[in-house]
Amino acid sequence: MKYHASFDGAEREFEFDRTAAGLVARSGDQAFQLDLSLVGDGSTFSLLVDGKSYDVVAAVDGGKVTLQLLGERFVVEVEDERERAAHAVAGNKAGGKRELKASMPGIVVDIKVAAGDQVVEGQPLVVLEAMKMQNPLCAESDGKVVRVACEQGAAVTAGTLLVELE
Amino acid sequence: MKYHASFDGAEREFEFDRTAAGLVARSGDQAFQLDLSLVGDGSTFSLLVDGKSYDVVAAVDGGKVTLQLLGERFVVEVEDERERAAHAVAGNKAGGKRELKASMPGIVVDIKVAAGDQVVEGQPLVVLEAMKMQNPLCAESDGKVVRVACEQGAAVTAGTLLVELE
Amino acid sequence: MPLFRRLLVANRGEIALRVIRTAQELGIETVAIYSEPDRHALHVRRADYAVALGGEAARDSYLDADKVLAAAESLECDALHPGYGFLSENAGFARACAERGIAFVGPPAEAIKSMGDKVEARRIAAEAGVPLVPGLQEDIDAQRLAAAAAEIGYPVMLKAAAGGGGKGIRIVNDEAGLLPALELAQAEARSSFGDDRVYLEKFVTRPRHVEIQLMADQHGGVVYYGERECSVQRRHQKLVEESPCVALTPELRARMGEAACDLARAVDYVGAGTVEFLYSEGEFYFLEMNTRLQVEHPITEVRFDVDLVEEQLRVAAGEHVRPPQTPRGHAIEVRVNAEDPATFFPSLGEVTRLSNPGGAGVRLDSALHVGLEVTPHYDSMLAKLIVHAADRDHAIARCERALREFRIVGVATSMPVALHTLRSEEFRCGDYDTGILERIDRKTPVERHDLIMMAAAAARFLANERAGTAAGFEGKDRRQEPPRWAMLGRVERVGRMPR
Amino acid sequence: MPLFRRLLVANRGEIALRVIRTAQELGIETVAIYSEPDRHALHVRRADYAVALGGEAARDSYLDADKVLAAAESLECDALHPGYGFLSENAGFARACAERGIAFVGPPAEAIKSMGDKVEARRIAAEAGVPLVPGLQEDIDAQRLAAAAAEIGYPVMLKAAAGGGGKGIRIVNDEAGLLPALELAQAEARSSFGDDRVYLEKFVTRPRHVEIQLMADQHGGVVYYGERECSVQRRHQKLVEESPCVALTPELRARMGEAACDLARAVDYVGAGTVEFLYSEGEFYFLEMNTRLQVEHPITEVRFDVDLVEEQLRVAAGEHVRPPQTPRGHAIEVRVNAEDPATFFPSLGEVTRLSNPGGAGVRLDSALHVGLEVTPHYDSMLAKLIVHAADRDHAIARCERALREFRIVGVATSMPVALHTLRSEEFRCGDYDTGILERIDRKTPVERHDLIMMAAAAARFLANERAGTAAGFEGKDRRQEPPRWAMLGRVERVGRMPR
């Protein structure tokens, strides 16, 4: 099984082989000698790559892998061959409407756009207050506001539709 | 359901009632107002008794409850009504042969008795070495050695029969 | 004889636990209070007594003075520690405690009130001879403004009196720009706030946030325990603090410390307090006084070998302050907040695994436990990591090491941001200011990409192996454990064969 | 420039992690070695590199000098830290390191050899003027014996030269008993050991075990860091250590320290070493010298604000010793062993939950992690809890507090024994000796019975509620979680609704 990983604009494909000499990871024309072992706590594994040691905490949620590694946190998309094939087909059908949803429970303290506005990627659309902090929610790409689905002062739960875009 | 607890020679019976005012524990003519709540880690519960707070780690293995409480460790036998009734019947049938088994994996470094010996409670029968320590295994009650089932120098696993008594 | 018989700890989270620990060590009984979501919280489980307040939001629980006072009275507490936040700087609450004969472990109500009013605080500070940011607050006209600006020296700032949060501020670099800027600032202030009053203040370049920790007793004694540097901030939220501040000379430190003590004496202060200063280019200016224990107090404790909560309790019980010991080494604190380190959004969820840092020079003040639900009701701070070492370089290295060891699974945390700060050249060289966090490069270096993606692919590979029945299966499948283990934790196996 | 480029840590468990931590803080790359059961061990996961040794038992892994040296050479290590135990006091191994150009972080082979031979060590100590337990070792006859006993003072002991472990010892209270006892002792020694040689030694009443920590450099410099009191022992296994020792005066402490340094100089010692003494009634007597880091070294570190592993690395790299700082406060260490606190049997199993102690003045040196399998292959020590406070009373209270906080689920530990010790009147007053553990009452007070039994009954009540579908169900049933969580830990939920 091949795994296709993408992170921060970079992409790699990995294939793992358990051989008599141990586990080998191949990526392009590179090969790494691995020793991979789950710790009994169920969320940590020890990774030895050509003798270098890494203590990895991983949470796998479908194709999204969240890592804790070297004190940092990385979210990496990883698809296996089958998922990649399935997504390639589905991807061609996508496009059109997009939605801004509340990424956390909170109170809508400011709405910065109205229906019909043109917005650019990164532009703040709604400000949500949670845990004493004001959190601007921004457009993920350029587009046009179709509908504002929330009111100022409203308490919303995570996942509530706030703004429809196209 | 009533629970019969015994510890260190003492015995108590407890009955728990969930009422509108909360949980009440009754023992003899005493009643305690309890607030009992499992922590999400699955092994700890918070116990409030008439406002006093206790942080309890408990492991329940059948009728044996091992507690960590106030920095100490207590092993308490707790039977519910049904178990108590069942054991009362079974108890009448007990008696006869007894066995000394290895309580841990280790090496038999000394055998202190031979077949036919009379032994008294607490008398060391076999010495087992484990983790650099010599651990004497003692008779649980007075009796007579029927058979020594192990050899000096033998490596044994936990549960291996060492001495048969009657 | 303990200092008090029974102490109500009017707070939650790490600071409640912090206070409980010292109180118990001093033989003082502790009473926790808790809101509904906090039934399992560590401060409830570790206190000797616990009283339910009901309610979820802070205003229905920890901020409800009547409920808190009722709890203190019902358990006959003779003292109350407010921690920080919540009711800690509420003068009325301090007075209510005193009226009920409960020793409030904090300053007298009058001192809280004086320092809580920012205008009043500035006035008292000025009278006490504490330096303020030079400026002209009143009777602004063009001539007076020009004279004042010339005296202060450019650049200067024009600020809207009714403003706040950075709005209505104009920076002026020379005299030619002054009058045009005044007109614009007044117009802006009028349209923004309906109030065209503006004032002049020196533009403090590259300011550092430096604060003095002091302790005062009921007999007029005041001591201070050096300073803390708190310039690593995001939206006025401190993230990394250190002590000492590398910018101070012993002479400056002494002047700041004396100024802080003078201010405390001016308001008949009692207890622990912190005087915050802006520091820039050899000068310091009074910002405000916090009339309570500060979140970052432990970096002072580890350097001075002092337990500030113990000192608080001692002076609350009428004892004299004790002279601080000579400080040793360098200390750093990292606040661990439940937030996504990339977006800074709050991260909610349940803590499912926890692996604490340890070893030499590492202290963890935390109320984290497996099973903790991080909810939006309260502050997002989960823990404070404090390190202490012989010098600053070693403290930085130790802090990095401890951050790598500290693993929290279930919620994202701000720890990676702290790590980036510690690794930045600006922080390492020590010449930084309150803008440092915005300047730090937090991009992942390209040479790490291979490792990161391989580790992620390996995680999916392992998960797939684990899910299937493939050969080469590693680790143990918890789902196949005998159900009796699942009852209430695993039984301790004494002397059985390890599986 | 770091002191070394790459350090092989030739050990496992907490001490391997201890060394790795300091090395990383000093910018030295670390290499772990591991046996088969230790594949997941923290020292493997935290080191920069890891090399498999294969084997399970110590002799097939950590004690196999050839394997360890091969690992060091394969990764081109320029230094090796042996920790304690295993190969740390093996003179041949130290020599083999030196021959390969690997700096052995410990004394020269000759010093290890001299101090490892107990007869030779006594001889060198006597020559160096270090007090020994007074006695008569050679040329025993009735007359010489009587003269020697009179000089030493009664009571005295007659010991079989070939004896050990307390066998063949007779105590004599006065001169009248001496000759009859000699005859009996000789007869006993002959029948027990086939060797009738006996020797005379002073009977040291109520002995305390007190030891001096020293550090020596390659240039003849030797410093010492006060003493540690290690009298809380069971079968010569230390359980609770403290520093300072309450029995010593400053004058005695200085004499012991100087004696220890004299011994170090006599064998051209380099590195960290500990000289153990018996102390009784104002006198101290040389026992032995341990030529390595001691398990209990952290209580010295927290008082002297020193990192002894750093100092070891410095002197191994050729630096001079640095003068110790003035010690502060009081420190206590508790060893946490995997053993049943009632029977002292080893407790094996898997650590399934862990809750670490924290807060002010608490240090944990441990290689514990959830999922750790405690096996019979190695030492049973799981962790060391170290506390530091301003004075002894506060340190005892802090240690009790931390012991209550520290929760290990899956294996039984010796922590309750330490807690009983700390609570005992004998320990609290400070007037104790090496017999203290046998005298301590570890019975559960009757007034606790109700609480203990109620908590146990409540645990079964909760387990029953949880197992059934009864109303009033509390807590969450992990078995009903969606299976995807179970894959590799729970997903961090950023900004989702808490359940």
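Residue numbers begin at 1 in each chain, while the letters A, B, ... track the order of the sequences. Here the structure is a predicted model, which is why all the values come from computation and not from measurement.
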Point-to-point distance, once rounded to the nearest 0.5 Å, from CZ of A:Arg73 to OG of C:Ser347 | 6.5 Å

When rounded to the nearest 0.5 angstrom, what is the spacing between CG in A:Leu70 and CD in C:Glu400?
-> 11.0 Å

Taking atom NZ of A:Lys52 as the centre, does the number of heavy atoms from other residues, nucleotides or ligands within less than 6.0 Å exceed 12?
-> yes

Over 60° means perpendicular and under 30° means parallel, so classify the ring planes of C:Phe461 and A:Tyr3, tilted if in between.
-> perpendicular

With rounding to the nearest 0.5 Å, note down the distance linking CG in A:Leu38 to CG in C:Leu462.
-> 4.5 Å

Spacing of C:Thr444 atom OG1 and A:Phe7 atom CZ [to the nearest 0.5 Å] = 4.0 Å

Answer whether the closest heavy-atom distance between the side chains of C:Met454 and A:Arg12 falls below 4.5 Å.
-> no

With only heavy atoms counted, which part of A:Glu13 is less than 4.5 Å from chain C, the side chain, the backbone, both or neither?
-> neither

Can you name the nearest heavy-atom pair linking C:Ala463 to A:Val60, along with the distance?
-> CB-CG2, 4.4 Å

Criterion salt bridge (charged side-chain N to carboxylate O under 4.0 Å, His left out) against A:Glu72, the qualifying member of C:Arg404, C:Arg423, C:Arg407 = C:Arg423

Kindly indicate whether the side chain of C:Leu451, heavy atoms from C-beta on, has any atom under 4.5 Å from the side chain of A:Leu69.
-> yes

Side chains of C:Val409 and A:Gln68 in contact at under 4.5 Å (non-hydrogen atoms) = yes

If every non-hydrogen atom of C:Ala455 is compared with every non-hydrogen atom of A:Phe45, which pair is closest and at what distance?
-> O-CZ, 3.6 Å

Tell me, side chain or backbone of C:Leu419 under 4.5 Å from chain A's heavy atoms, or both, or neither?
-> side chain

Output all residues satisfying salt bridge (Lys or Arg N to Asp or Glu O under 4.0 Å) with A:Glu79, sequence neighbours left out; order by chain, then residue number.
-> A:Arg84

Find the distance between CZ (C:Arg460) and CZ (A:Phe14) and round it off to the nearest 0.5 Å.
-> 14.0 Å

Only residue of A:Leu67, A:Val78, A:Val65, A:Val76 satisfying side chain to side chain contact (heavy atoms under 4.5 Å, CB included) with C:Met453 is A:Val76

